[in-house]
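Input: a single structure, listed below in structure tokens.
In what follows, chains are A, B, ... by sequence order, proteins preceding strands, each numbered from 1. Since the structure is predicted, the reported quantities are computational estimates derived from the model, not experimental observations.
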Amino acid sequence: MSSQNPVALVDHLFRHEAGRMVAILTRLFGIHNLELAEDVLQDTLHQALKDWSLGGIPDNPAGWLMVVAKRKAINIIRREKYLRNFAADMDHLLKSEWTTTYTVDHIFLEDEIKDSQLRMIFTCCHPALPAEAQIALTLKTLCGFSIYEIASALLTTESNINKRLYRAKEKIRQEQIDFSVPSRRDIFARLDAVLLVIYLLFNEGYNATGDNPAIRKDMCLEAMRLAMLLTEKPITNEYPQIYALLALMCFHSARFDARIDNNDCLIILEDQDRNLWNRELITQGVKFLLRSASGTMATAYHLEAAIAAEHCLAASFHETNWPKIHDYYTALERLKPSSVIKLNLAIITGKKDGPRAAITALHELEKGKLLESYYLFYASLGEYYAQAGQKPEAIGYFKQAKSLTKSTATREVLERKIDACR
Amino acid sequence: MNQFLIIVRGSDHAVSSPEEMQQRMTLYGEWVQNVLKGRYVTGAPLEEADARLLKSKTEMVTDGPFMESKEMISGYMIITANDMEEAVTLAKENPLLGKFQLEVRKLKPMA
């Protein structure tokens, strides 16, 4: 224990160690005993809080937590070996007094910890679970979020999250979902599901829809951390789309702080102070983007990353290479036809060919009726009518957009736009 | 400089999330680092499960700390300070206060 100079704690140490500990404990106990793993974790954290706040923070807090979790795991295994079955592939080893400690020690090795986390990622993102359960389970078990934090990150109630988690665990038991990394044959499709969860996590965090900016930012960081985990093991690190997704997240994160002013209001791309963009993250993003440019497949992540890169690398808003971005969006629309991408395409058309062209494209989209409850559609119409000098129309559309979003930050931006038209 | 013993009474170590724990430990670290500034001598948590009270060579009460949990001693720490006033001022900044009671006692110099 260091008494004179307690070491400062690494950011989010407990959250990240919680994720690692639950993964290892689940590896030992089996996924059917996920609750037991969570109990041991809780118990370990509880003990750390007690011991550290009275005796000082240990020199190696992460190591301390692991040692205590391991000791508790061994105790549980000895105590419950006649009552439960543990992980099928090592149940007999754990239950024989001769091999318990050896087997547990082995699973606590650094490389095995990564392996356990990878198993956890594939289990949480198993296609048999509904998408919203995958996200909640990932935040809980891999990212160490509390129920409250998950609820405020996903804009729902704690009881809702509890229900989702409960059902997810039931489903895992019913379907006898394996705690494993899929075989080479299946990994491709399963990896898609994992990347989608990471992508959704990031989007939830990035788009200002909640009222708790700190938690939302954490969620973005967690998404990046999970993607990084995939790059650390040979079985997954060869897939280019992982790097494309990482690049995409780096480019967006680089603008994280520049997007929000002192009053927590959103600042639109055009008005952002580009000096506030995080150069380091942009450089990192470019590296990932280069790394992703292998193989023959351009995924949606590749295209979205390329678009984000164009924005990040443009010296100013007016110097943005709109024709190039337009090309990327056209390709993206072909790959993943969606009305939101069509909307973006219409917006870019406006940057490239002027507000009239955008207004025509947007009204064309209106016929599809798919965007009629999407605030950004009306905000874009408002924006281009304002640019074309038709202020009454602009105000009408901005008001319609405002009625469709719950985000305080977004509503304030729209309010300012309405004022500017008057 | 004198030494002061801070006795920590209570056992409220409940924690709702890893992040809350991070915050509590960060506060504690700041107390030792920024408030005490090198005046922390030692400290330790006490085991909860096992305690013996000896009354004489033959008479022993064995069942735990046998007190109400809010009176239970969770641990102690020793700090240095000029006088009682200062020791209390320092202890008041201890983030455990609120969840725990702190008893501050001056150690008699034995030299």
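Sorted by first and then second residue, the salt bridge (charged side-chain N to carboxylate O under 4.0 Å, His left out) pairs involving residues 139-160 of chain A (not counting sequence neighbours) are A:Arg15-A:Glu149, A:Glu38-A:Lys140.
Within the model, atoms OG of B:Ser17 and CG of A:Leu45 stand 9.0 Å from one another, a figure rounded to the nearest 0.5 Å.
In terms of non-hydrogen atom pairs under 4.5 Å with chain B, the most contact-rich of A:Asp218, A:Leu41, A:Leu13 is A:Leu13.
Neither the backbone nor the side chain of B:Leu36 comes within less than 4.5 Å of any heavy atom in chain A. Looking at B:Met77, only its side chain comes within 4.5 Å of chain A, counting heavy atoms on both sides. Looking at A:Gln42, the atoms closer than 4.5 Å to chain B (heavy atoms on both sides) all sit in the side chain, from C-beta outward.
The 12-atom threshold is not exceeded at CD of B:Glu85, counting heavy atoms of other residues, nucleotides or ligands nearer than 6.0 Å.
Between A:Glu17 and A:Arg20 a salt bridge is recorded (basic side-chain N to carboxylate O distance below 4.0 Å). Salt bridge absent: A:Glu112 and A:Arg119 never bring a charged side-chain N and a carboxylate O closer than 4.0 Å.
A:Asn160 contributes no side-chain N or O that, together with a main-chain N or O of A:Thr156, makes up a donor-acceptor pair within less than 3.5 Å. Of the possible donor and acceptor atoms, none in the side chain of B:Glu86 sits under 3.5 Å from a partner among the backbone N and O of B:Ala81.
Residues of residues 66-81 of chain A having a heavy atom under 4.5 Å from any heavy atom of chain B: none.
Because its NZ or CZ atom is not both nearer than 6.0 Å to the ring centre of B:Tyr28 and within 45° of the ring axis, B:Arg24 does not count as a cation-pi partner of that residue.
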